Number of protein chains: 2
Amino acid sequence: MSVPTIKFYVREGLLPAGELTSPNQASYGETHVRRLRLIRALLDVGGLSVAAIRGVVVAVDDPEESVHDVLGEATKPLVPRYDREPGDGVEEARKTVAGLIAARGWHADPAGPAAEALAVTLVALADLGHGRFVEVLDTYADAAEKVARADLEYVAQHVAREEFVESAVVGTVLGDAMFSSLRRLAHMDASNQVFGPQEQGGGAE
Amino acid sequence: MSVPTIKFYVREGLLPAGELTSPNQASYGETHVRRLRLIRALLDVGGLSVAAIRGVVVAVDDPEESVHDVLGEATKPLVPRYDREPGDGVEEARKTVAGLIAARGWHADPAGPAAEALAVTLVALADLGHGRFVEVLDTYADAAEKVARADLEYVAQHVAREEFVESAVVGTVLGDAMFSSLRRLAHMDASNQVFGPQEQGGGAE
DNA sequence: GCTATCTGATAGCGCCACTATCTATGATGG
DNA sequence: CCATCATAGATAGTGGCGCTATCAGATAGC
């Protein structure tokens, strides 16, 4: 972690400035190191942009901010743009999403960023000829529910109140990465089972 | 979709050139449109880089290429770098991942990109003071298995052989996006239930 | 004192996903 | 037939992003 990089983060509002002990000497403490680790994790592992991280840390530092709002902040930049002539199927996808939320009794905003991102993804799938992929939506939603419950449980057990907000962001962002990797591993396994062990790698058999 | 952008994709090897009917007239067919949609979906929704997409389409176009290899290609650029003094906990994380793979009997390479990405994520979590998050790994793995099975089933039912490779990529990349959105929705619901309905949004009650 | 090191500020770099401009060629229409 | 206009291809430029290099000014430490 180079000094100029750190100063860059300070400039960008990701990191509070060190306490000046004299005009050319600043001291950085444990909170700074913690914050730096948060930045690196969100940046490298989570793939967030510096701007998104700024939004997150501003919200994290604001004691008035609710978990809900911070997550919204962290999630906003993740909605894809996927340009399309409006109304061409997006509307239908939005309805599908709203229907799913209603069917599951989820207390979630059908117009929020997460719902919108889902709708966009469904449209993209339909465009690619995979409109039927919605048939597995329920399986995905089941899995998502289970994972979300586990997340909440973890937070309830291991996270102190004053760390709720930061932990929620970390869990949301890194949890995605975690699940994504696990899904790939599970895919490998499943495809190895279906297509047979054609000794095409490190066949542990 | 502007013309210069399309030409850019041709130059970058993402899109085959149109068939020249005369030195200044090229004809683009359905395959080009399809490919363009694939590019936009992977780029906008999947968040892949142009370089990664090139790897994917080269592999997709190669009839010798196996699903396995193409997915490897698409997955490789997704492994985070997350610089760290080596051996400082990464090794332990790798062991955790290998143990998980073994415990589940997954036929997956514990040294492949997916396993490595998972290990890196675990290290990042540990760095952030969430080492205990591994306790929910099993829940995540269960969910991932279920989702992966559903994916395979979908492919088996709805995808023709010659589209296996492309569909696998699409499913892997857009499936991540889909699950991610669903998890966020499930989080909203869970947190709304835990923290009580403080009328902080569009309370559909 | 004298050098080495730190600070903050400004400007620049390298990569990436395009985009603008240019020339040559040929389609198009009165 | 000929003026206009669009298109192909090639080259160079743009804007954003995540840093990084350089520079003055100030001070710590010898």
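In what follows, chains are A, B, ... by sequence order, proteins preceding strands, each numbered from 1. Quantities reported herein were computed from a predicted structural model and do not represent experimental measurements.
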Could you give the side-chain donor-acceptor pairs of residues 149-157 of chain B under 3.5 Å, partners two or more places apart or in another chain?
{"from": "B:Asp151", "atom 1": "OD1", "to": "A:Tyr140", "atom 2": "OH", "distance (Å)": "2.7"}
{"from": "B:Asp151", "atom 1": "OD2", "to": "A:Tyr140", "atom 2": "OH", "distance (Å)": "3.2"}
{"from": "B:Asp151", "atom 1": "OD2", "to": "A:Arg183", "atom 2": "NH1", "distance (Å)": "2.5"}
{"from": "B:Asp151", "atom 1": "OD2", "to": "A:His187", "atom 2": "NE2", "distance (Å)": "2.7"}
{"from": "B:Tyr154", "atom 1": "OH", "to": "A:His130", "atom 2": "ND1", "distance (Å)": "2.8"}

Quiz: residues 114-124 of chain B side-chain donor-acceptor pairs under 3.5 angstrom, not counting sequence neighbours:
{"from": "B:Glu116", "atom 1": "OE1", "to": "B:Arg94", "atom 2": "NH1", "distance (Å)": "2.7"}
{"from": "B:Glu116", "atom 1": "OE2", "to": "B:Arg94", "atom 2": "NH1", "distance (Å)": "2.7"}
{"from": "B:Thr121", "atom 1": "OG1", "to": "B:Ala117", "atom 2": "O", "distance (Å)": "2.8"}

Pair up each side-chain donor or acceptor in residues 19-26 of chain A with any protein partner under 3.5 Å, not counting sequence neighbours, and list the distances.
{"from": "A:Thr21", "atom 1": "OG1", "to": "A:Gln25", "atom 2": "O", "distance (Å)": "3.1"}
{"from": "A:Ser22", "atom 1": "OG", "to": "A:Asn24", "atom 2": "OD1", "distance (Å)": "3.1"}

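Looking at heavy-atom distances under 4.0 Å, A:Arg54 makes no contact with the nucleic acid at all.
Between the two ends of the helix from C:dG1-D:dC30 to C:dG30-D:dC1, each summarised by a five-pair axis, the helix axis turns through 10° (rounded to 10 degrees).
For the side chain to side chain donor-acceptor pair (under 3.5 Å) test, residues two or more places apart in sequence or in another chain that qualify with A:Glu12 are A:Arg54. Legend: residues meeting side chain to side chain donor-acceptor pair (under 3.5 Å) with A:Arg132, ordered by chain and number and at least two apart, are A:Glu135. In this structure, the ring-ring contact (aromatic ring centres under 6.0 Å, His included) partners of A:Phe179, at least two apart in sequence or on a different chain, are B:Phe179. Applying the side chain to side chain donor-acceptor pair (under 3.5 Å) test to B:Arg104 and every residue at least two apart in sequence or in another chain returns B:Asp138, B:Asp142, B:Glu145. Applying the ring-ring contact (aromatic ring centres under 6.0 Å, His included) rule to B:Phe8 yields no partners; only residues at least two apart in sequence or on another chain are considered. In terms of the side chain to side chain donor-acceptor pair (under 3.5 Å) criterion, A:Ser181 has no residue partners (sequence neighbours excluded).
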Pairs under 3.5 angstrom, nitrogen or oxygen only, protein versus nucleotides 7-11 of chain D, please.
{"from": "D:dG9", "atom 1": "N7", "to": "B:Lys7", "atom 2": "NZ", "distance (Å)": "2.7"}

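Both A:Thr21 and A:Phe8 lie near DNA chain D, and the one whose nearest nucleotide falls closer to the 5' end is A:Phe8.
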Handout entry: Test log, rule side-chain hydrogen bond (donor to acceptor under 3.5 Å, both in side chains), inputs B:Arg35 and B:Tyr28
Key = CA-CA 11 Å; B:Arg35 173 56 55 85; B:Tyr28 298 87; over 6 Å; no
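Read 5' to 3', the first and last nucleotides of DNA chain C with an atom closer than 4.0 Å to a heavy atom of chain B are C:dA17 to C:dA27.
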